[in-house]
Amino acid sequence: MLFLLITCFTFITFLCKSLSLKPLPLWSSSEVRLLSIWFWNDFLILNPFKEGFLESLMSSNVMTLRRKSFSCRVENVETNSEMSVLDLPELVLECILERLPPEGLYSMASVCSSLREKCTSKYLWEKHMKEKWGRVLGPAAHREWLWHISSRNDSSFFNQAKERGLMTYLSQFWPISLVRSNPSTSFKKKVPPAIDSIMSMYLALESGKFWFPAQVYNRENGHVGFMLSCYDAELSYSRRTDTFQARYPPHGRRAMAIETGVTLDRLRVPPLDTSPHDLYISDCLTELCPGDHIEIQWRRNKEFPYGWWYGVVGHLETCDGNEYYCRCHESDTVVLEFKQYTHGSRWRTTHIDRKDHREEGNEADGFYGGIRKLHSNEEISMWRRLWPSDVLE
């Protein structure tokens with residue numbers, strides 16, 4: 001009996017010293033406490049000296065360690081199985097980025113430098129530029145943009161973007177939830193896009209900071225004095241109202257006119273790359289026939305810029321309009337009709353010289369300039385949609 005007590009005391013002392021000298025990791029603390037309870041339960045209640053006790057204790061400990069090792073391996077596999085969007089095939093990633101709206105591309109650009117390079121590519125932004133701005137941006141607008149970016153000192157938009165960061169500045173005109181990035185994934189230093197990039201131009205247009213030249217149908221909210229006309233203006237976009245603000249050049253002593261709430265369907269790219277103050281040299285006079293749709297330059301006096309007015313080629317007074325006997329196309333005089341005006345109105349018709357047409361008119365009736373023939377059904381249908389509900393005097 002004495003031998004057994006001495007052996008048991010020696011074993012307990014050895015076990016305590018082993019645990020105190022070699023602290024176990026945190027993950028095994030619960031298992032050790034559990035093993036301690038099992039050990040004392042067998043020691044005090046069952047029989048610590050029963051046959052096979054130590055073998056069962058060791059096998060239990062080994063099984064616990066095996067389960068822990070297996071769970072660690074599973075966790076490692078799960079951790080390693082996580083993918084980044086950059087791990088996607090290049091073609092798949094490009095397809096995803098192509099389907100993102102502009103605000104989505106901005107958000108993705110703030111994730112990392114690799115995605116920023118992809119999300120600011122010319123290819124992606126040319127698509128968005130064409131879809132939203134293609135119908136109102138012509139050669140004159142692109143020249144204005146080049147001048148705009150060449151004078152950086154006068155561009156408060158880009159100065160603010162550089163000082164405050166791209167995403168902070170975007171929050172002024174896009175919902176903050178769309179442009180706010182996670183601090184843990186955003187750049188330490190946000191850099192605005194290249195000033196001469198397509199993305200920068202799109203951003204400047206959306207913010208309303210860039211005024212671009214275009215033409216406006218029925219200017220000044222469809223004022224009766226401008227019905228069925230199209231005038232040059234500088235325009236700025238308002239994202240809040242999804243409309244434009246137009247600034248018309250001053251007419252003589254008249255100050256610059258400003259119109260708000262101009263909708264996109266009232267805008268067009270100038271069909272001719274000429275100044276509104278220059279006379280357009282017509283190249284279609286010899287082919288004009290009755291029934292042709294035309295636009296003609298007109299201005300109130302020589303201090304005013306030209307506007308383009310819609311009309312049709314009519315018949316001479318000596319012609320009865322019979323297509324089999326009509327010889328109006330052989331005459332040196334061309335009759336132009338503006339059928340939005342009532343019969344007898346001084347604005348109803350005018351005559352021009354087919355062979356030697358220059359600016360014609362007077363201070364009372366205004367001055368008629370160059371003529372362009374309309375060949376596109378889209379242009380003709382646009383004028384018809386703008387036709388006034390009542391005949392003008």
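Treat the numbers as computed from the prediction; the structure is a model and nothing was measured.
In this structure, the ring of Trp145 has its center no less than 6.0 angstrom from the ring center of His142.
Hydrophobic cluster membership differs between Ile294 and Tyr306, with clusters built from Ile, Leu, Val, Met, Phe, Trp and Tyr side chains linked at under 4.5 angstrom. Linking ILVMFWY side-chain heavy atoms closer than 4.5 Å, directly or via other members, places Ile198 and Leu97 in a single hydrophobic cluster. Residues Val262 and Trp308 fall into different hydrophobic clusters, defined by Ile, Leu, Val, Met, Phe, Trp and Tyr side chains chained together at heavy-atom separations under 4.5 Å. When hydrophobic clusters are built by joining Ile, Leu, Val, Met, Phe, Trp and Tyr residues whose side-chain heavy atoms come closer than 4.5 Å, directly or via intermediates, Ile281 is not grouped with Leu285. There is no path of hydrophobic side-chain contacts, each under 4.5 Å, that joins Leu146 to Val269.
Taken from CD in Glu330 to CG in Leu316, the straight-line distance is 11.0 Å, to the nearest 0.5 Å. Remark: Ile149 CD1 to Glu144 CD distance equals 11.5 Å, nearest 0.5 Å. Atoms CD1 and CD1, on Ile371 and Ile296 in that order, are 4.0 Å from each other to the nearest 0.5 Å. Taken to the nearest 0.5 Å, the CG atom of Asn218 stands 6.5 Å off from the CZ atom of Arg266. Taken from NE2 in His375 to CG in Asp292, the straight-line distance is 8.0 Å, to the nearest 0.5 Å. Rounding to the nearest 0.5 Å places NE2 of His343 at 4.0 Å from CZ of Arg348.
Among all heavy-atom pairs drawn from Glu220 and Ala257, the shortest one is OE2-CB, 3.9 Å. What you find for Phe338 and Gly311 is that their closest heavy atoms are CD2-CA, 4.0 Å. Summarising the geometry of Arg354 relative to Ser331, their closest heavy-atom pair is NE-O, 2.7 Å, with the distance given to 0.1 Å. Arg300 approaches Trp347 most closely through the heavy-atom pair NH1-CH2, 3.4 Å. Contact detail for Leu137 and Met201: the closest heavy-atom pair is CD1-CE, 4.1 Å. The two residues Cys230 and Arg268 come nearest to each other via the heavy atoms SG-NE, 3.4 Å.
Looking only at side-chain heavy atoms (C-beta outward), Trp211 and Phe244 stay at 4.5 Å or farther from each other. Proximity of Cys326 to Pro290: side-chain heavy atoms (C-beta onward) are separated by under 4.5 Å at one or more points. The shortest side-chain heavy-atom distance between Glu287 and Lys373 falls under the 4.5 Å cut-off. Using a 4.5 Å heavy-atom threshold, the side chains of Val224 and Leu392 count as touching. Residues Lys209 and Ser236 form no side-chain contact, since every pair of their non-hydrogen atoms from C-beta on lies 4.5 Å or further apart. Residues Leu272 and Tyr280 meet the side-chain proximity criterion, which asks for heavy atoms closer than 4.5 Å. Side-chain atoms of Trp383 and Tyr217, non-hydrogen and from C-beta on, do get closer than 4.5 Å to each other. Contact of the Leu386 side chain with the Leu228 side chain is registered, since non-hydrogen atoms from C-beta on lie closer than 4.5 Å.
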Would you please test Ile96 and Leu88 for side-chain contact (heavy atoms from CB on, under 4.5 Å) and show each step?
CA-CA 10 Å; Ile96 294 174; Leu88 294 172; 3.8 Å; yes
Start with the C-alpha gap between Asp390 and Met227, add the side-chain angles, then the distance that decides, and say whether side-chain contact (heavy atoms from CB on, under 4.5 Å) holds.
CA-CA 11 Å; Asp390 299 321; Met227 193 63 66; over 6 Å; no
Going through the distances and angles, do Val136 and Leu235 end up as a side-chain contact (heavy atoms from CB on, under 4.5 Å)?
CA-CA 10 Å; Val136 295; Leu235 294 122; over 6 Å; no
Could you go through the side-chain contact (heavy atoms from CB on, under 4.5 Å) check for Val313 and Val335 one step at a time?
CA-CA 6 Å; Val313 178; Val335 178; 5.9 Å; no
Please report the C-alpha distance between Glu90 and Lys118 in whole Å, then the side-chain angles of each, then the deciding distance to 0.1 Å, and finally whether the salt bridge (charged side-chain N to carboxylate O under 4.0 Å, His left out) criterion is met.
CA-CA 11 Å; Glu90 192 72 18; Lys118 296 180 182 296; 2.6 Å; yes
Go through Trp133 and Tyr237 one step at a time and tell me if the ring pair (Phe, Tyr, Trp, His ring centres under 6.0 Å) criterion holds.
CA-CA 11 Å; Trp133 302 103; Tyr237 177 68; 5.2 Å; yes
Given salt bridge (charged side-chain N to carboxylate O under 4.0 Å, His left out), test Lys302 with Glu363 step by step and report yes or no.
CA-CA 9 Å; Lys302 295 195 175 184; Glu363 293 291 337; over 6 Å; no
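Both tests do not hold together for Arg299 against Phe304: distance to the six-membered ring centre under 6.0 Å, angle to the ring axis within 45°. Remark: Arg219 qualifies as a cation-pi partner of Tyr248 under the 6.0 Å distance and 45° angle criteria applied to the six-membered ring.
Heavy atoms of other residues, nucleotides or ligands lying less than 6.0 angstrom from CD of Glu317 number 12 at most. Residue Lys339 places its NZ atom among 12 or fewer non-hydrogen atoms of other residues, nucleotides or ligands, all under 6.0 Å distant. Summarising the local packing, CG of Asp273 is surrounded by more than 12 heavy atoms from other residues, nucleotides or ligands at distances under 6.0 Å.
Side-chain atoms of Asp242 never come within 3.5 Å of backbone atoms of Arg239 as a donor-acceptor pair (strictly under, hydrogens ignored). No donor-acceptor pair closer than 3.5 Å links the side chain of Ser121 to the backbone N or O of Glu117. Judged by distance alone, the side chain of Ser381 and the main-chain N or O of Glu378 form a donor-acceptor pair under 3.5 Å. Side chain of Lys127 to backbone of Glu98: a donor-acceptor contact under 3.5 angstrom is found. A donor-acceptor contact shorter than 3.5 Å is absent between the side chain of Ser282 and the backbone of Cys284. Not a single donor-acceptor pair under 3.5 Å links the side chain of Arg247 to the backbone N or O of Ala233. Of the possible polar contacts, none joining the Arg384 side chain to the Ile380 backbone as a donor-acceptor pair under 3.5 Å is found. Remark: the backbone N or O of Pro276 is not paired with any side-chain donor or acceptor of Asp232 at under 3.5 angstrom. Under the 3.5 Å distance criterion, the side-chain polar atoms of Gln297 are matched with a main-chain donor or acceptor of Asp278. Distance alone, capped at 3.5 Å, is enough to place a donor-acceptor pair between the Glu259 side chain and the Asn221 backbone.
Under 3.5 Å, the side chains of Tyr202 and Glu126 contain no donor-acceptor pair of N or O atoms. Counted by atom type alone, Ser345 and Thr342 present zero donor-acceptor pairs between their side chains at under 3.5 Å.
Residues satisfying the side chain to side chain donor-acceptor pair (under 3.5 Å) criterion with Arg346, sequence neighbours excluded, are Asp365.
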